[in-house]
Amino acid sequence: MAKRSAVVADQSEPAPKNSLSEAEAAAPRSYEHPALAAPVDSFEGVGPSRAKNLRALGLLRLGDLLEYFPRDYQFESEELTIDKLVADQISTVRGEVVAVDYIPMRPRPRFEATIDDGTEKLALVWFNASYLRSQIHPGKLIRVRGRVKYFRNMPQMTQPKWTTIDESTERIEESKFRPIYPASANLSSEQIGKVIDENLDRALPHIEEWFDQAVLKKRSLIERRRAYELIHRPNSFREVAMARRRLVYDELMLLQLGLGMSKRLRDGRITAPVLRADKVLDERIRARFPFQMTNAQQHAVYDIIKDVKSGQPMNRLLQGDVGSGKTVVALYAMLVAVANKMQAALLAPTEVLAEQHFLTISNLLKESAVKIDLFTNRTKKTSRGSISKQLAKGETHIAVGTQALIQEDVEFANLGVVVIDEQHKLGVKQRALLKSMGHSPHYLVMTATPIPRTLALSYFADFDLSVIDELPPGRQPIQTKWLRPKDAIKAYDFIRKEVKARRQAYIVLPMIDDNGLDDSKSVRAEFDRLSKGRLSGLRLAMLHGQMETEEKHATMLKFRSRETDVLVATTVIEVGIDVPNATVMLIDNAERFGLSQLHQLRGRVGRGSEVSHCLLISDATTETAEARLKAMTQTGDGFEIAEMDLRLRGPGEFFGTRQHGLPQLKIADITQEIELLQQAREDALEILGKDPKLSAPEHRMLRDALIRQFGTALQLAQIG
Ligand code: ADP
Ligand code: MG
């Protein structure tokens with residue numbers, strides 16, 4: 001039997017006052033129970049001005065309070081007097097400020113204060129906090145909390161938390177666990193907490209359980225009502241964790257249900273051109289390639305053919321390690337479109353890459369009737385105009401370009417296949433723009449960032465996935481070495497040797513210019529130093545993001561045609577550059593790069609039949625930097641690297657701030673809660689398998705919640 005929460009419904013609920021603005025009233029959010037729609041100014045202790053401030057935070061009604069989750073918790077211990085403080089313990093004391101001082105010393109200016117509570121004095125230090133000068137003055141009463149250290153027999157706290165108090169502020173008599181709410185300029189966390197605490201008991205009884213006990217047990221989840229109670233009123237971090245687990249699971253479950261349903265809806269609704277691909281065509285396309293496709297490429301091609309034949313838009317993520325040969329697979333898809341009298345577009349994240357793709361494809365399609373055009377910001381205005389015309393008339397078969405291709409409302413006569421290279425560098429928005437051109441094209445996204453499969457499936461729940469997990473034959477593993485800076489000479493001598501053997505090298509540095517702050521190396525400084533020093537006599541060139549596009553282009557072209565030996569560059573070369581004759585990748589200050597980034601950079605070599613080398617120069621001292629560099633020397637496998645990177649950094653950072661195009665979540669962090677995400681996904685798919693429209697009575701609540709939370713974002717109107 002489910003344990004009923006101890007709270008009782010407030011029977012004497014006042015009738016909701018009609019105080020919402022018209023706009024609010026016009027589009028009222030729906031709540032799981034009508035009582036939860038009671039407006040916020042109908043509560044005890046909430047007058048008009050507080051109500052206004054609450055509404056400004058989006059807290060319009062009782063139900064919103066429930067879902068205004070704390071951003072953190074604070075363990076508030078009882079207040080001590082200063083003479084009772086014990087070294088190394090975190091404690092809370094109050095006192096009057098008796099002295100302040102600001103020491104603007106670089107690099108860490110500090111603000112100091114001393115408080116006195118009548119028993120003794122306590123010194124306080126804050127770094128980089130000049131704003132405190134206007135907030136903490138002698139005579140002010142404050143409460144501080146921090147770790148106590150003794151310095152020359154005087155207690156001291158560094159970076160303590162502090163609040164203003166007055167004589168009447170009660171002392172904290174017992175230890176307490178307190179939620180901290182996202183505050184606004186007009187409402188403090190404490191004020192918000194008070195409103196929530198006072199109204200929680202009124203809201204909780206209207207929260208009903210929507211899963212069976214069996215599900216709760218299987219996934220170790222507490223009851224919904226209990227979860228809402230504990231997230232606001234926990235007694236320990238353990239209770240916070242229990243509450244969070246349940247609420248996060250629910251949110252992820254609803255999201256997965258929603259994604260699953262929207263995919264089904266779309267599958268049935270939107271049509272895409274049916275592209276014919278038979279054996280004759282297959283042979284014709286293959287004959288264009290100077291090599292046999294690997295099994296993995298083969299499989300990806302099958303997946304694609306299956307998709308483009310289906311009549312529904314392909315939405316496929318083609319994931320493969322650097323150098324695994326994604327371009328050829330993409331070209332295959334584009335040629336299928338062309339053979340079906342349709343057009344194809346390939347979008348690259350940078351001009352350098354677009355040009356490279358253009359060259360590669362033009363080369364492979366030499367002497368064919370396929371007309372390819374390049375469209376970037378570098379393309380002259382006049383020829384852009386004529387290319388636009390040809391695209392609109394359908395005379396250009398394959399357009400290779402950058403965002404320029406989308407931005408300047410280029411119209412295609414008959415766009416059948418869109419390929420996007422390195423999706424994570426090209427926003428979700430731009431993707432949508434392309435989709436909306438005329439009918440829906442088939443859509444292939446290539447990414448070299450090896451996303452761990454579990455995450456890929458949930459994160460890109462909208463996509464089908466093909467993985468190229470095999471390198472073309474004849475590739476030699478890249479020899480990776482980690483050198484300390486004192487041995488850097490060996491690396492430069494090695495580059496000389498390789499260049500003598502007619503091969504080329506990259507040298508990558510973390511910065512363009514010296515910044516004068518630390519001793520990280522920069523492209524310009526190293527270019528000068530090496531041209532005159534260890535690499536004198538070799539043909540060096542620079543490549544970095546501050547260069548004009550023209551110049552970048554010319555530099556790349558020269559490197560590709562072997563007119564330069566060594567390219568000294570920033571990470572602009574990270575993505576996709578393909579110069580098989582380059583056999584050395586030297587990365588200096590390697591500790592400054594992330595693991596996946598190092599792997600991407602390494603992938604710029606090892607593209608030909610010669611043995612290639614990756615030389616990492618670093619005096620890394622931190623544990624994680626060392627772990628990254630060791631990982632690089634130990635494995636060349638992109639997926640292993642990705643998993644390791646995920647472990648070292650956590651997925652939040654792994655994905656950076658990249659937009660993922662998913663609806664806003666209230667509590668779950670989709671990149672942090674992989675395990676729960678996976679479980680929720682499994683459960684959601686199971687539910688949808690049995691009840692695709694969630695129409696069974698036992699799914700009523702889930703279905704309502706789904707529409708409430710994600711209906712608009714996922715365009716689920718049709719299931720309502
Ligand atoms: P990426 O997956 O990094 O985009 P590319 O498509 O640029 O890889 O391919 C890397 C290199 O491997 C290119 O020079 C390409 O011509 C070559 N290549 C691709 N597939 C094969 C294959 N099956 N056999 C031999 N070489 C291949
Ligand atoms: Mg590529």
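Along the sequence shown, the residues carry numbers beginning at 1. These numbers come from the heavy atoms of this one structure, side chains and all, not from hydrogens, waters or symmetry mates. Both ligands and their constituent atoms are indexed starting at 1 by order of listing.
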Would you sort out whether R602 and T480 count as a side-chain hydrogen bond (donor to acceptor under 3.5 Å, both in side chains), showing the intermediate values? CA-CA 9 Å; R602 174 166 62 183; T480 303; 2.8 Å; yes

Check each atom of ligand 1 against the heavy atoms of D578 and keep those under 4.0 Å away; list them by number with element. 13 (C), 14 (O)

Within reach of ligand 1, part of K326 (heavy-atom separation under 4.0 Å): both

Any idea which part of Q292 is under 4.0 Å from ligand 1, heavy-atom wise: side chain, backbone, both or neither? backbone

Expected output: side-chain R534 to main-chain R496 donor-acceptor under 3.5 Å: no

Is G325 close to ligand 1, meaning an N/O of one under 3.5 Å from an N/O of the other? yes

At under 4.0 Å between heavy atoms, which part of Q356 makes contact with ligand 1: side chain, backbone, both or neither? neither

Tell me whether R502 at atom CZ has more than 12 heavy atoms from other residues, nucleotides or ligands lying less than 6.0 Å away. no

Between S561 and E563, does the side-chain hydrogen bond (donor to acceptor under 3.5 Å, both in side chains) criterion hold? Intermediate values first, please. CA-CA 6 Å; S561 60; E563 286 166 61; 2.9 Å; yes

Would you indicate which of R604, R475, R607, E470 comes nearest to atom 12 (O) of ligand 1 when only heavy atoms are counted? R475

Please could you name the atoms of ligand 1 that D321 approaches to less than 4.0 Å, counting only its heavy atoms? 2 (O)

Using heavy atoms and a threshold below 4.0 Å, how should the contact between T360 and ligand 1 be classified: side chain, backbone, both, or neither? neither

When rounded to the nearest 0.5 Å, the distance separating CG of L471 from CZ of R607 is 9.5 Å

Is it the case that E498 and T583 place a side-chain donor and acceptor less than 3.5 Å from each other? yes

Atoms in ligand 1 flagged as close to S324, the criterion being non-hydrogen separation under 4.0 Å: 2 (O), 8 (O)

